[in-house]
Amino acid sequence: MNNSLIFNELSLVTSIEKSLPIHGGYLLSGSKLSISLPYKPHQFYRHGWQSWSLTTWVDITCKIPPLKPNVLHPMQTDPGYVFSENHNGSWVGAVDTQNGHVVLLGALGLEAHVELDGQILKGWYETGTGDWFVACGPEQAVLARYAGLLGERFGHGHITEQPRVWCTWYSLFTEIYEGQLLNIFKELGVLPFDIFQIDDGWQKGIGDWDPNEKFPSGMDGIATKIRLLGRIPGLWMAPLLVVPSSNIFFQHPDWLLRNEQGQCVSAGFNWGEPLFALDTTHPEVLDWLTLLMKKVRTWGYDYLKLDFLYAGALPGKRHNGMPRETAYRHGLKVIRAALGDAYILTCGAPILPSLGLCDGLRVGPDVASYWDGFRDSHLLNNLSAPGVQNAIRTTVNRLWLSSLVHTDPDVVYFRTHNNNLLTEQKQLLQDLVQVTGYKATSDPPSWLNADERNALNNFLETKPKVERTGRYTFHINGRAVDFSPAMPIHDPLNLPLRVVGFFLGWITNAHWVLRLNDWLGRKLVAPVIKDTKR
Ligand code: 9PG
């Protein structure tokens, strides 16, 4: 029943008998596939499930402990695989070869997972069977070929120009108000932004997508004013999420994704509340999504940041029994149809099932005005937590997706005001954004000095020549740039800190602790943004 795949530098024995040689590798088909490696690899490419999930090359000997607290698993990683002992990843994985190339195993369908078990690379589909691509060769060539095959099956984004976005989140968070935003939009003056995007904070509730009292002219009103300033209005939503305090949760309990026992599936915890997901196979949910998307289009928004989308692909028992990622993709298709030719940026989104249906895709965790958060990244092992290091690490390791979709690395910072990033850290993030070409910032003009404003203007106006020279190295207009400083994964903690981490991980499962954390976060933001509320 075994079969050999012959490459220039090695032969691989696989468990599936039939294989089709294609340009750059082999195609195989089956629900399970294992590949025996004739040597012991040193590194494994772990590909995270959704935008925020850790994606990186790791040394085989490096243990990546499950992130904490458990209540956040559904919102940061694929919850079904958190406790796997082996290095594993969503849809695709790779190992190094003895002469510096890679062996890649990549699924060409949904609901697929891979892992490295000793010297065996394994892949499986959670339901049914599907196709696999196996390749061996130089890393970038192999990933490019895999991306090409994904493009044939899932399609590409349809908008060619990358937008330049001013986004409210990374300075104002949820403390946004109509008057304050209009002031900022005016102060942005002639800075060459295409999109003014309103992020989280405008809505009545998660699930109740109407403007709250902070937007008295309505979302159509502010969109009209953005147009008068010559920019395209953009809006954030988390359309597949609901929270218990929303009207929709109360009115349509039958729309929620449930497990086999009939309990609502947890989609994590945020905004001081537990999160739940809509079942995107329920016909009434699909009708509601269509009306919602048409509504925001009539309000005047041509750029939609659709966030927390993983909720639609969590494991559960769906209305029509569809597998989870297929169900999510079905929902996203309905959303795409209702939004027509608007620009869709997906965020917190499962990667493969979003391809072809979005124009931009967030490919890393959130940035923040600091490099690395000790509590989250170290004590809680959470490498999906906000921070520039986590964001750069995962984004750089996902750049191969750039031939399929605009890869969004999140915003850059030019400000020194309210910012703990060192000059070289800000520069590294700016360099990454030059590599992807997806340019966004949240710096309010009043937080920038004249030099910083000029630098931002230049950054938005120029398109430098980018050449890749290695896994983590580039030339940007001839200048050597190295993203390696963002790659290290911290060493295991010493015993006392492990104890602290264990306790913190345990206590932060409690809703009241998370609520307190959320409240504290908002208290800390309020004084910082006071000066924008003129
Ligand atoms: C708005 C924000 C911004 C941001 C998004 C997303 O894992 N987490 O707890 C987690 C919470 C929020 C988050 C990412 C991860 O941020 O990425 O750009 O739109 O929502 O609430």
Side-chain angles (χ1 to χ4, degrees), residues 48-54 66-79 82 165-176 195 197-203 205-207 209 212 234-243 266-275 303-311 314 344-351 354 358 360-369 373 375-377 380-388 390-391 394-395 407-413 429 433 438 440-442 505 508-509 511 513-515 517-518 520-522 525:
W49 186 48
Q50 52 113 325
S51 308
W52 308 324
S53 315
L54 172 68
L67 60 87
K68 291 184 280 216
N70 294 0
V71 68
L72 296 187
H73 289 167
M75 67 190 283
Q76 294 180 329
T77 179
D78 193 339
V82 188
V165 185
W166 197 88
C167 156
T168 58
W169 183 250
Y170 298 88
S171 47
L172 310 172
F173 300 96
T174 51
E175 300 293 307
I176 53 174
I195 318 277
Q197 184 242 315
I198 303 173
D199 213 282
D200 187 3
W202 63 271
Q203 71 283 358
I206 302 299
W209 302 106
N212 57 34
L235 193 65
W236 172 95
M237 285 197 288
L240 305 182
L241 269 193
V242 290
V243 293
S266 166
F269 194 99
N270 203 18
W271 302 282
E273 285 191 78
L275 311 180
Y303 175 101
L304 279 310
K305 175 175 173 184
L306 304 180
D307 206 353
F308 291 81
L309 292 181
Y310 65 87
L314 289 169
I344 300 182
L345 170 66
T346 51
C347 186
I351 302 297
S354 304
C358 56
L361 174 58
R362 246 295 268 295
V363 287
D366 283 20
V367 296
S369 53
R375 182 195 63 184
D376 290 350
S377 302
L380 298 174
N381 306 316
N382 187 347
L383 301 176
S384 303
V388 168
N390 288 344
T394 286
T395 300
T407 45
D408 170 16
D410 212 0
V411 306
V412 286
Y413 295 84
L429 186 56
V433 171
Y438 198 101
T441 189
S442 290
T508 46
N509 274 309
H511 285 185
V513 178
L514 290 168
R515 236 173 254 136
N517 187 42
D518 185 68
L520 270 176
R522 271 182 288 123
V525 170

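Hydrogens, waters and symmetry mates are skipped; everything else that's a heavy atom, side chains included, is used. All ligand and atom numbering here is 1-based and tracks the order in the structure. The structure displayed is predicted, hence computed values, not measured ones.
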Return the closest protein heavy atom for [atom] as residue, atom name and distance.
| atom | answer |
| --- | --- |
| atom 21 (O) of ligand 1 | Asp200 OD2, 2.7 Å |
| atom 11 (C) of ligand 1 | Asn270 ND2, 3.8 Å |
| atom 10 (C) of ligand 1 | Met75 CE, 3.8 Å |
| atom 16 (O) of ligand 1 | Asp366 OD2, 2.8 Å |
| atom 3 (C) of ligand 1 | Asp199 OD1, 3.4 Å |

Is [X] in polar range of ligand 1, meaning some N or O pair under 3.5 Å apart?
| X | answer |
| --- | --- |
| Trp169 | no |
| Arg362 | yes |
| Tyr170 | yes |

Are any side-chain N or O atoms of [X] and backbone N or O atoms of [Y], one a donor and one an acceptor, separated by less than 3.5 Å?
| X | Y | result |
| --- | --- | --- |
| Ser53 | Gln76 | yes |
| His73 | Leu67 | yes |
| Asn509 | Asn70 | yes |
| Ser384 | Pro365 | no |
| Thr407 | Val363 | no |
| Ser354 | Pro350 | yes |

Quiz item: Is the closest side-chain donor-acceptor distance between Asn517 and Thr508 under 3.5 Å?
Solution: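 On atom types as modelled, these side chains do not qualify, holding no pair under 3.5 Å.
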Quiz item: If you measure from CG on Leu514 to CG on Asn270, what distance do you get to the nearest 0.5 Å?
Solution: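 Output value for this atom pair is 9.5 Å.
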Practice problem: Just jot down the ligand 1 atoms closer than 4.0 angstrom to any heavy atom of Lys305, in number order. | Solution: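 What qualifies from ligand 1 is 3 (C), 4 (C), 18 (O), 19 (O).
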Self-check item: Ligand-residue contact atoms, ligand 1 with Gln76, heavy atoms, under 4.0 Å
Solution: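 Contacts of ligand 1 toward Gln76, numbered from 1: 7 (O), 8 (N), 9 (O).
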Quiz item: Should the pair Trp236 and Phe308 be assigned to parallel (<30°), tilted (30 to 60°) or perpendicular (>60°) ring geometry?
Solution: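 It falls in the perpendicular class, over 60°.
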Quiz item: Which is closest to atom 5 (C) of ligand 1 by heavy-atom distance: Asp408, Asp307, Asn382?
Solution: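 When every heavy atom of Asp408, Asp307, Asn382 is considered, Asp307 comes closest to atom 5 (C) of ligand 1.
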Quiz prompt | Nearest neighbour of atom 12 (C) of ligand 1 from the list Phe269, Phe308, Trp236, on a heavy-atom basis | solution =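 Looking at heavy atoms only, Phe308 sits closest to atom 12 (C) of ligand 1.
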Self-check item: contact_flag Cys347 ligand 1 heavy-atom lt 4.0 Å
Solution: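 Contact present.
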